[in-house]
Novice: 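The structure under discussion is supplied below as structure tokens; questions concerning it will follow.
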Amino acid sequence: MEKKLLLGNEAVAAGLYEAGVKVISSYPGTPSTEITEAASKYDEMYSEWAPNEKVAFEVAIGASFGGARSFCAMKHVGLNVAADPLYTASYIGVNGGMVCAVADDPGMHSSQNEQDSRRHAIAAKVPMLEPSDSQECLDFTKIAYDLSERFDTPFLLRLSTRISHSRSLVTLTGRTEVGLKEYKRDVMKNVMMPAMARKAHAKVEERNDEISRWADTEAFDLGINLLDMNSDEIGVICAGSTYAYAREALGEKASYLKLGIVNPLPKQAIVDFSKKVKTLYVIEELDDIIETHCIKLGVKVIGREVFPPLGEYNQSMIRKAILGEEKEKIAVDCEIPPRPPVLCPGCPHRGLYFALKNLNLYISGDIGCYTLGAQAPLAMMDTCVCMGASVSALHGYNTARGVDAAKKSIAVIGDSTFIHSGITGLIDIVYNKGISTVIVLDNSITGMTGHQNNPLNGKTIKGDPTTAVNLEALAKSIGINRVVVVDPFDIEGTRNAVKAELEAEEPSLVISRRPCALLKTVKHEPALVVDNDKCVGCKMCLKVGCPAISQKVGENGKTKAYIDPNQCLGCGVCTESCRLGAIKKA
């Protein structure tokens with residue numbers, strides 16, 4: 001036995017190891033990414049980055065068919081991508097146990113919506129566990145495999161940003177090897193044609209009823225559900241992070257029914273708990289799923305009356321809502337300026353955006369580091385929906401508005417995102433005779449989620465060399481005849497290349513290729529400096545939006561541009577903005 005302080009995500013990975021998991025396939029997405037990164041360090045488990053979440057889920061269910069315990073991980077919006085196989089896998093069931101971890105993001109720290117993944121569990125009729133600390137992340141992961149095989153179903157493990165990225169003490173017990181289960185051909189079970197699916201659906205409903213009864217009984221014996229009686233005045237039903245918040249906010253002033261299984265929910269346990277307290281609260285972030293369940297059971301609870309359906313909760317909010325008490329807050333007597341996230345110094349995406357800045361283009365955007373270019377002063381994005389949508393949406397925009405619009409519009413999409421779900425949009429453009437111009441921002445890595453390898457950079461999750469997808473050859477193979485590669489730090493060359501492709505009356509692919517500035521293999525130029533004799537303080541350099549550039553008041557009282565030598569990577573983009581030549585090499 002060994003004790004370690006682990007992130008919730010690292011604890012899930014440890015649980016996979018201890019549970020005897022053999023095959024792991026995931027797509028990186030904050031806040032789930034570290035699970036697979038940590039799991040890849042265990043040589044006993046095969047780990048991979050898949051092109052997208054749908055593929056990852058299908059690899060995992062395929063490994064389950066083959067008799068192995070398998071796993072995939074994704075963020076909440078990734079489960080949308082994987083929903084197709086998820087819903088049918090619920091009907092089919094498993095051979096070897098299968099678990100899919102999905103990490104929700106209340107507060108939208110790194111996401112475009114606040115989706116509640118419990119909705120997918122309910123709709124797919126798949127059981128879901130939700131841990132409330134790192135030890136439970138490990139324990140629930142292991143238990144999920146036993147339950148998956150017992151009830152013949154994939155299991156979902158719901159995490160959230162705070163659980164995934166908080167550390168707490170975990171006891172490690174070592175790996176238990178689980179051999180491959182025998183594969184037996186069973187068309188009636190594993191082939192979901194309508195005749196088979198009708199019978200499978202009936203079994204799914206029976207299974208959900210059985211698991212609900214289990215949630216009322218054995219789930220308490222296993223420590224998945226927890227009853228903690230302290231007071232007959234106030235009762236709280238909660239799950240995941242809200243249990244930790246409530247426990248800290250209310251202490252012994254309340255009794256708690258902590259639910260570790262959030263689909264299907266227990267019934268009798270909730271009814272019994274409600275009879276033991278005078279006032280019963282449900283504390284759950286995002287949707288009112290537990291509250292609605294209680295109402296259906298005829299249990300009177302207080303939930304959305306006092307707790308909002310938006311963002312993350314905290315201890316102060318809970319204490320105020322239930323006890324009417326507020327802790328004294330420390331106030332400051334000055335306005336704190338906002339600090340929005342920005343593109344890093346030396347980011348190649350900044351060069352591309354600056355090159356296109358004055359072309360007055362409609363820009364169909366996508367999900368990645370380059371999304372930060374939507375903010376001032378670059379302000380180079382009109383729309384952003386989801387992974388891959390930039391390409392498809394641009395085709396829709398141009399189809400609606402015609403050829404003239406197509407000559408003044410582009411899509412921007414990252415290399416990993418293009419592989420994830422941009423390829424099909426590009427095929428749609430070619431197949432349907434569109435003339436859109438798509439720019440792939442190829443920075444040789446999956447940047448925003450923390451530098452994961454992908455099929456375009458020729459390295460596996462472990463950094464081993466593998467076949468790299470050739471973007472130019474791929475584009476030509478689907479019918480794109482105009483393929484141009486540009487260096488985004490060549491401002492004039494990039495601008496001219498894009499202008500030429502916009503004029504062509506056929507689809508074009510522009511590849512803006514330069515590696516991420518934060519990669520260890522990238523060598524940078526010395527920091528640039530400002531010639532104060534030439535600088536007039538016009539602020540044109542600030543329009544580049546580089547955090548290394550600011551302004552300082554000199555000895556003569558005049559404001560001049562200033563470049564922080566500790567941040568500047570010498571990319572040279574800012575020199576293009578200064579018409580007086582005041583920015584130069586040291």
Novice: Taking all non-hydrogen atoms of both residues, which atom of I445 and which atom of N454 are closest, and how far apart?
Specialist: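 Smallest heavy-atom distance, with atoms named: C-ND2, 3.5 Å.
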Novice: Search all heavy atoms of S32 against all heavy atoms of A73 and return the closest pair with its distance.
Specialist: OG-C, 4.3 Å
Novice: Hey, can you tell me if Y42 and Y17 have their rings parallel, tilted or perpendicular (30° and 60° cut-offs)?
Specialist: parallel
Novice: Strictly distance-based, threshold 3.5 Å: is any side-chain N or O of S577 a donor or acceptor partner for the main-chain N or O of C574?
Specialist: yes
Novice: Flag the pair R167 and E10 as a salt bridge only when some basic side-chain nitrogen lies within less than 4.0 angstrom of an acidic carboxylate oxygen.
Specialist: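 Answer for the salt bridge query: yes.
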Novice: Does this structure show an ion pair linking E44 with R175, if we count only N-O contacts that are shorter than 4.0 Å?
Specialist: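 No, E44 and R175 are not salt-bridged.
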Novice: Does V498 reach the side chain of V484, with side-chain heavy atoms less than 4.5 Å apart?
Specialist: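 A side-chain contact is absent here, since even the closest heavy-atom pair is not under 4.5 Å.
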Novice: Is the backbone N or O of A517 less than 3.5 Å from a side-chain atom of H524, with the two atoms forming a donor-acceptor pair by type?
Specialist: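 Side chain of H524 to backbone of A517, a donor-acceptor pair under 3.5 Å: yes, one is there.
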Novice: Just by distance, no angles: are the side chains of S160 and D104 close enough, under 3.5 Å, to form a donor-acceptor pair?
Specialist: no
Novice: With a cut-off of 6.0 Å (strictly less than), are more than 12 heavy atoms of other residues, nucleotides or ligands near NZ of K459?
Specialist: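 Counting other residues, nucleotides and ligands, NZ of K459 stays at 12 neighbours or fewer.
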Novice: What is the distance from atom CG of L509 to atom CG of N481, rounded to the nearest 0.5 Å?
Specialist: 12.0 Å
Novice: Does a side-chain N-to-carboxylate-O contact under 4.0 Å join D287 and R119?
Specialist: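 Answer for the salt bridge query: yes.
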Novice: Atom OG of S512 and atom CG of L441: how far apart are they, to the nearest 0.5 Å?
Specialist: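 Interatomic distance, S512 OG to L441 CG, rounded to 0.5 Å: 5.0 Å.
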Novice: Keeping D105 on the side-chain end and H109 on the backbone end, is there a donor-acceptor pair under 3.5 Å?
Specialist: yes
Novice: Indicate yes or no: at least one non-hydrogen side-chain atom of C386 is less than 4.5 angstrom from one of Q112.
Specialist: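 When only atoms from C-beta onward are counted, Q112 and C386 do touch, with a gap below 4.5 Å.
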Novice: Under the 3.5 angstrom rule, does the side chain of H76 hit a backbone N or O of N113 as a donor-acceptor pair?
Specialist: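 The answer is yes, because a donor-acceptor pair under 3.5 Å joins these two groups.
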Novice: Which atoms form the tightest heavy-atom contact between A411 and S390, and what is the distance?
Specialist: CB-O, 3.5 Å
Novice: Report the distance from atom CG of L286 to atom OG of S117, rounding to the nearest 0.5 Å.
Specialist: 9.0 Å
Novice: Report yes or no: does N457 contribute a side-chain atom to a donor-acceptor pair with the main-chain N or O of S444 at less than 3.5 Å?
Specialist: yes
Novice: Applying side chain to side chain contact (heavy atoms under 4.5 Å, CB included) to C100 and F57, what does each step give before you reach the verdict?
Specialist: CA-CA 8 Å; C100 170; F57 193 99; 4.1 Å; yes
Novice: Measure the shortest side-chain to side-chain distance between P547 and V342 over non-hydrogen atoms and say whether it is less than 4.5 angstrom.
Specialist: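 P547 vs V342: side chains touch.
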Novice: Could you go step by step and tell me if L474 and V469 meet the side chain to side chain contact (heavy atoms under 4.5 Å, CB included) rule?
Specialist: CA-CA 8 Å; L474 173 65; V469 174; 4.2 Å; yes
Novice: Say you draw a straight line from CD1 of I491 to CD of E576; how long is it, rounded to the nearest 0.5 Å?
Specialist: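 I491 atom CD1 to E576 atom CD measures 5.5 Å (nearest 0.5 Å).
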Novice: I'd like to know if R118 and E130 make a salt bridge, using a cut-off of under 4.0 Å between side-chain N and carboxylate O.
Specialist: no
Novice: What is the minimum heavy-atom distance between M98 and A60, and which atoms define it?
Specialist: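 So the two residues come closest at CE-CB, 3.7 Å.
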Novice: Please indicate whether N432 has more than 12 foreign heavy atoms, meaning atoms of other residues, nucleotides or ligands, lying under 6.0 Å from its CG.
Specialist: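 More than 12 heavy atoms, drawn from other residues, nucleotides or ligands, come within 6.0 Å of this atom.
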Novice: When you look at N80 and E53, which way does the side chain to side chain donor-acceptor pair (under 3.5 Å) test go after all the steps?
Specialist: CA-CA 9 Å; N80 299 336; E53 295 87 356; over 6 Å; no
Novice: Is it true that atom NZ of K585 has more than 12 heavy atoms of other residues, nucleotides or ligands lying nearer than 6.0 Å?
Specialist: no
Novice: Considering non-hydrogen atoms only, spot the tightest contact between N453 and W49 and give its length.
Specialist: O-CD1, 3.5 Å
Novice: Is there a side-chain contact between H420 and P51, using heavy atoms and a 4.5 Å cut-off?
Specialist: no
Novice: Can you tell whether the side chains of R513 and E472 come within less than 4.0 Å, N to carboxylate O?
Specialist: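 Judged by the 4.0 Å cut-off on N to carboxylate O distance, R513 and E472 do form a salt bridge.
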Novice: Is a donor on one side and an acceptor on the other found under 3.5 Å between the side chain of K408 and the backbone of L359?
Specialist: yes
Novice: Step by step, would you call T437 with V510 a side chain to side chain contact (heavy atoms under 4.5 Å, CB included)?
Specialist: CA-CA 7 Å; T437 299; V510 178; 4.2 Å; yes
Novice: Within the 3.5 Å criterion, strictly below it, is a donor on S40 or S47 matched to an acceptor on the partner's side chain?
Specialist: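 Absent: no donor and acceptor within the cut-off.
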Novice: For N9 and S164, does a side-chain donor sit closer than 3.5 Å to a side-chain acceptor?
Specialist: yes
Novice: Heavy-atom distance under 4.5 Å between the side chains of I410 and E501, does that happen here?
Specialist: no
Novice: If I take atom CG from residue N360 and atom OG from residue S409, how far apart are they, to the nearest 0.5 angstrom?
Specialist: 11.5 Å
Novice: Say whether, by atom type as modelled, one donor and one acceptor occur between the side chain of Q375 and the main chain of P341 under 3.5 angstrom.
Specialist: yes
Novice: Between R158 and D116, does a salt bridge (Lys or Arg N to Asp or Glu O under 4.0 Å) hold up when you go through it step by step?
Specialist: CA-CA 10 Å; R158 186 196 188 213; D116 192 325; 3.2 Å; yes
Novice: Please determine, by modelled atom types, if T446 and Q452 share a side-chain donor-acceptor pair under 3.5 angstrom.
Specialist: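 Absent: no donor and acceptor within the cut-off.
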Novice: Establish, from distance only, whether the side-chain atoms of E48 and S25 form a donor-acceptor pair under 3.5 Å.
Specialist: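 Per modelled atom types, E48 and S25 side chains form a pair under 3.5 Å.
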Novice: Side chains of residues 82-89: which donor-acceptor pairs under 3.5 Å do they make with residues two or more places apart or in other chains?
Specialist:
residue, atom, partner, partner atom, Å
Y87, OH, H120, ND1, 3.0

Novice: Please step through side chain to side chain contact (heavy atoms under 4.5 Å, CB included) for the pair E285 and E312, ending with a clear verdict.
Specialist: CA-CA 6 Å; E285 291 176 329; E312 286 186 300; 3.8 Å; yes
Novice: Mind checking side chain to side chain donor-acceptor pair (under 3.5 Å) for H451 and listing every partner two or more places apart, or none if nothing turns up?
Specialist: none
Novice: Would you tell me whether S416 and Y27 have side-chain atoms, one donor and one acceptor, within less than 3.5 Å of each other?
Specialist: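 The answer is yes; a qualifying pair exists.
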Novice: Determine whether N470 and L456 make a side-chain contact, defined as any pair of heavy atoms from C-beta on separated by less than 4.5 Å.
Specialist: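 N470 vs L456: side chains apart.
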Novice: Should C541 and I583 count as side-chain neighbours, where that means a heavy-atom distance under 4.5 Å?
Specialist: yes
Novice: Might you point out which heavy atoms bring A144 and L129 nearest each other, and give the distance in Å?
Specialist: CB-CD1, 4.0 Å
Novice: Say you draw a straight line from OG1 of T371 to NE2 of H349; how long is it, rounded to the nearest 0.5 Å?
Specialist: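 One finds 8.5 Å between OG1 of T371 and NE2 of H349.
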Novice: Determine whether F71 and T141 make a side-chain contact, defined as any pair of heavy atoms from C-beta on separated by less than 4.5 Å.
Specialist: no
Novice: Apply side chain to side chain donor-acceptor pair (under 3.5 Å) to S436 and N398, showing your working.
Specialist: CA-CA 7 Å; S436 299; N398 289 337; 2.8 Å; yes
Novice: Using atom types as modelled and distance alone, determine if a side-chain donor or acceptor of K560 lies under 3.5 Å from a backbone N or O of N532.
Specialist: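 Checking the backbone N and O of N532 against the side chain of K560, a donor-acceptor pair under 3.5 Å is found.
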Novice: Would you say K462 has more than 12 foreign heavy atoms packed within less than 6.0 Å of its NZ?
Specialist: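 Atom NZ in K462 is packed in, count exceeds 12.
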Novice: Got a donor-acceptor contact below 3.5 angstrom from the D366 side chain to the G388 backbone?
Specialist: yes
Novice: Passes salt bridge (Lys or Arg N to Asp or Glu O under 4.0 Å), E58 versus K54? Steps please.
Specialist: CA-CA 6 Å; E58 291 161 348; K54 179 178 185 290; 2.5 Å; yes
Novice: Say whether, by atom type as modelled, one donor and one acceptor occur between the side chain of K75 and the main chain of T30 under 3.5 angstrom.
Specialist: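 Side chain of K75 to backbone of T30: a pair is present.
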